[in-house]
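Reading through the structure tokens given below for one structure.
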Amino acid sequence: MKRKTMTLVLCLLAALALVSVGFASWVISVDANETVNGNIKVEDVVDSRLKATITPSAPSIVFGTPDTTASTGWLTNTSIGKQVLEVKFTIVVTEGDQPYKGKAGNITASYKEGVVTYDSDGTTVKQITAVAEGTEGNYAKAEKAKYVTAMNLSAVTETETLGTYEVTFSVGWGEAFGNTNPYTYYNALKVEDEAENAKVALNGMYNFLQNCGFIITIRVTH
């Protein structure tokens with residue numbers, strides 16, 4: 001039987017850039033430092049014999065505040081954005097008008113780091129270009145600086161519904177923040193000891209990630 005292949009490209013456009021989630025800032029006393037956040041845009045590429053839909057269609061990865069914060073503490077975040085470090089995608093594949101009967105092993109997921117280019121307004125994503133092979137991207141540099149953990153894309157798994165699959169993309173805070181949210185990490189320490197360190201680390205992370213993006217590819221085969 002002739003191999004049928006379809007490629008679905010999930011572009012995490014400006015996944016770690018300051019875009020439509022809203023401006024966010026970390027505040028150390030009277031000193032503000034930008035955090036990073038952003039949107040994920042999902043695009044479908046459809047083979048004439050196979051079709052897929054992917055949800056959620058436009059989630060966000062956000063390096064924002066923890067789910068619970070107190071009114072006290074020397075490090076705060078003025079953003080309304082809560083951290084979202086994991087996105088689970090549901091992929092529904094059909095062949096003709098019937099659910100796709102292939103196993104999860106027929107579906108693979110991969111990712112590349114990219115660089116985001118913006119329109120003239122400075123906020124609308126124009127395109128995302130994969131970092132060239134052999135070139136160290138800014139997310140990789142942020143990981144090396146221990147601001148973030150490695151990107152992770154799970155294996156594709158089947159669900160109880162025929163033709164429906166799931167895959168999860170995730171990132172995390174790095175060792176520079178004790179592998180936890182900076183709000184939690186720094187507020188457990190003394191401001192006189194850590195204020196400058198917090199400023200350097202948060203600004204360093206922002207500078208690395210403000211134009212980062214990701215390209216995730218889902219490939220379905222017979």
Side-chain angles (χ1 to χ4, degrees), residues 2-19 35-47 50 52 54 56-63 84-89 91 93 102-120 122-157 165-177 179 201 203-222:
K2 183 179 180 181
R3 178 179 289 269
K4 302 176 183 178
T5 300
M6 110 179 198
T7 300
L8 309 177
V9 181
L10 290 64
C11 294
L12 280 70
L13 299 183
L16 300 173
L18 282 169
V19 288
T35 189
V36 288
N37 56 65
N39 276 357
I40 300 174
K41 181 179 179 181
V42 179
E43 298 179 344
D44 297 346
V45 180
V46 180
D47 184 289
L50 295 173
I54 305 169
S57 60
S60 295
I61 286 287
V62 183
F63 282 97
V84 179
L85 305 180
E86 178 180 290
V87 176
K88 179 180 288 186
F89 293 100
I91 307 163
V93 184
K103 296 294 185 180
N106 291 355
I107 305 175
T108 58
S110 61
Y111 65 84
K112 293 181 179 180
E113 182 181 341
V115 178
V116 177
T117 302
Y118 294 95
D119 261 329
S120 56
T123 58
T124 303
V125 175
K126 184 177 182 180
Q127 66 179 7
I128 182 169
T129 306
V131 172
E133 293 293 334
T135 301
E136 186 177 45
N138 279 344
Y139 191 93
K141 292 176 182 177
E143 182 188 349
K144 184 178 290 186
K146 303 186 185 302
Y147 297 143
V148 295
T149 60
M151 299 171 283
N152 182 66
L153 191 64
S154 71
V156 178
T157 58
Y165 310 84
E166 292 179 338
V167 64
T168 300
F169 175 81
S170 61
V171 294
W173 298 102
E175 291 180 31
F177 309 112
N179 294 114
N203 276 325
M205 181 178 177
Y206 170 76
N207 289 333
F208 277 131
L209 300 185
Q210 58 180 322
N211 292 314
C212 280
F214 302 96
I215 299 171
I216 296 178
T217 300
I218 305 297
R219 186 175 297 273
V220 184
T221 62
H222 264 299

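What you see is a predicted model, and the numbers here were worked out from it, not measured in a lab.
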Rounded to the nearest 0.5 Å, how far apart are [atom1] of [X] and [atom2] of [Y]?
X      : Y      : atom1 : atom2 : value
Glu175 : Glu143 : CD    : CD    : 10.0 Å
Tyr111 : Met151 : OH    : CE    : 4.5 Å
Glu133 : Thr135 : CD    : OG1   : 8.5 Å
Phe63  : Tyr147 : CZ    : OH    : 13.0 Å

>> Can you list everything that forms a ring-ring contact (aromatic ring centres under 6.0 Å, His included) with Phe208? Sequence neighbours excluded, please.
In response: none
> Does NZ in Lys141 sit with more than 12 non-hydrogen atoms of other residues, nucleotides or ligands closer than 6.0 Å?
Replying inline: yes
> Listed by chain and number, what are the side chain to side chain contact (heavy atoms under 4.5 Å, CB included) partners of Ala130, not counting sequence neighbours?
Replying inline: Lys112, Ile215
>> Minimum heavy-atom separation for Trp173 and Asn179, please, with both atom names.
In response: O-ND2, 3.2 Å
> Looking only at heavy atoms, which two atoms of Ala109 and Leu153 are closest? And how far apart?
Replying inline: CB-CD2, 3.4 Å
> Within the distance-only criterion (no hydrogens, no angle test), does the side chain of Glu113 pair as donor or acceptor with the backbone N or O of Cys212 below 3.5 angstrom?
Replying inline: no
>> Is it the case that the side chain of Thr168 and the backbone of Ser154 share a donor-acceptor pair, with hydrogens and angles ignored and the cut-off at 3.5 Å?
In response: no
>> Between Ile107 and Val167, is the side chain to side chain contact (heavy atoms under 4.5 Å, CB included) condition met? List the steps.
In response: CA-CA 10 Å; Ile107 305 175; Val167 64; over 6 Å; no
> So do Thr108 and Val156 actually touch side chain to side chain, heavy atoms under 4.5 Å?
Replying inline: no
> How would you list, by chain and number, every residue that makes a salt bridge (charged side-chain N to carboxylate O under 4.0 Å, His left out) with Lys144, sequence neighbours excluded?
Replying inline: Glu136
